[in-house]
Amino acid sequence: MSSLHVLKRNWLFYKVSSFCPNQLDHFHFRTALRTDFSTMHPKLPRPLVFCGPSGSGKSTLVKRLMDDFPEKFGFTVSHTTRSPRPGEKHGQHYYFIDESDMKTAIANGDFIEHAAFSGNIYGTSFRAVEDIAKQGKIVLMDIDMQGVKQIKQTTLNPWCVFIHPPSLPELKERLLKRKTESEESLARRLAKAREEIKFGLTPNFDKTLVNDDLDKTYKELKKFVEENILEIRIPTV
Ligand SMILES: Nc1ncnc2c1ncn2[C@@H]1O[C@H](COP(=O)(O)OP(=O)(O)OP(=O)(O)O)[C@@H](O)[C@H]1O
């Protein structure tokens, strides 16, 4: 995208947001201005974004991908206001931050996307993406549907993959087995899952995977990644 095109787009955002303040808020305007990644990092490859209900298996699949291609992908560490789960490390699994600091950083325009979920705020900072881009790696992100909508407004042009659970009862079973949720947070995650599954049917996604059998699902994901993102083509004989 040329600089002129970016300027035009940002100008359009400015015009529209000044006429329709409720539809394009301050955050979106700042996002449009600050996410000119194509100019900042001309060779930044398209990030790979995962979305899907809590418990659908996003982290499990991302981990496998990272283990298979450690040189190719870098996972953005998100910020969250929720408390760490046992074993979670600051800077590795999340940046744990208190609510008022997170709100200030959001107001400063430090986040590409952010969302409130289950009483907590989650978000991906510009810094987290830049850190990975500097290493020459493809950015991997795990974000919710609000985040997908926001990142789609930037110039990052991500690949979006939706992870679909086989069913709601199976989703509940997996979350119960994971033993990370209270009764209340489990109920909230399941209630949100219905809405997210509907969102998974929208044309926002380049690939939808039903995570019934983990090995099968991962194989499909790997094929999609190799053919589209890494462009590794196995020669046919
Ligand atoms: N295909 C599968 N079959 C059975 N269990 C699975 C499968 N995929 C993932 N799991 C298990 O389901 C649980 C939820 O998976 P995971 O934590 O990866 O979900 P998630 O989508 O990242 O959730 P969250 O958004 O809450 O972080 C984990 O305990 C994981 O081991």
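Here the structure is a predicted model, which means the values were calculated and not measured. Indexing begins at 1, ligand by ligand and atom by atom, following the structure's order.
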- Note on the structure: Going by the 4.0 angstrom heavy-atom rule, the piece of Lys177 near ligand 1 is neither
- Ignoring hydrogens and geometry, is there a side-chain-to-backbone donor-acceptor pair from His79 to Tyr95 under 3.5 Å? no
- Query: Ignoring hydrogens and geometry, is there a side-chain-to-backbone donor-acceptor pair from Thr81 to Ile121 under 3.5 Å?
  - Reply: yes
- According to the interplanar angle, ranging from 0 to 90°, do the rings of Phe205 and Phe199 count as parallel (below 30°), tilted (30 to 60°) or perpendicular (above 60°)? perpendicular
- Heavy atom of Arg189 under 4.0 Å from ligand 1? yes
- Name the closest protein heavy atom to atom 21 (O) of ligand 1, giving the residue it belongs to and the distance to 0.1 Å. Lys58 NZ, 2.8 Å
- Which heavy atom of the protein is the closest neighbour of atom 22 (O) of ligand 1, given with residue, atom name and distance? Ser59 OG, 2.5 Å
- Message: Measuring from non-hydrogen atoms of Pro53 to any atom of ligand 1, is the shortest distance under 4.0 Å?
- Response: yes
- Task: Would you mind checking if Asp215 and Lys222 are paired as a salt bridge, meaning a charged N to carboxylate O distance below 4.0 Å?
- Result: no
- Note on the structure: All heavy atoms of Thr76 vs all of Met141, minimum pair found to be OG1-CG, 3.3 Å
- Please work out which of Gly52, Ser54, Gly57, Cys51 has its closest non-hydrogen atom nearest to atom 26 (O) of ligand 1. Ser54
- Item | Candidate with minimal heavy-atom separation from atom 8 (N) of ligand 1, of Asn211, Thr60, Asp212 | Asn211
- Message: Tell me whether Arg188 is salt-bridged to Glu184, with the criterion being a basic N under 4.0 Å from an acidic carboxylate O.
- Response: yes
- Query: Which of these, Lys216, Arg178, Arg174, has its nearest heavy atom closest to atom 11 (C) of ligand 1?
  - Reply: Arg174
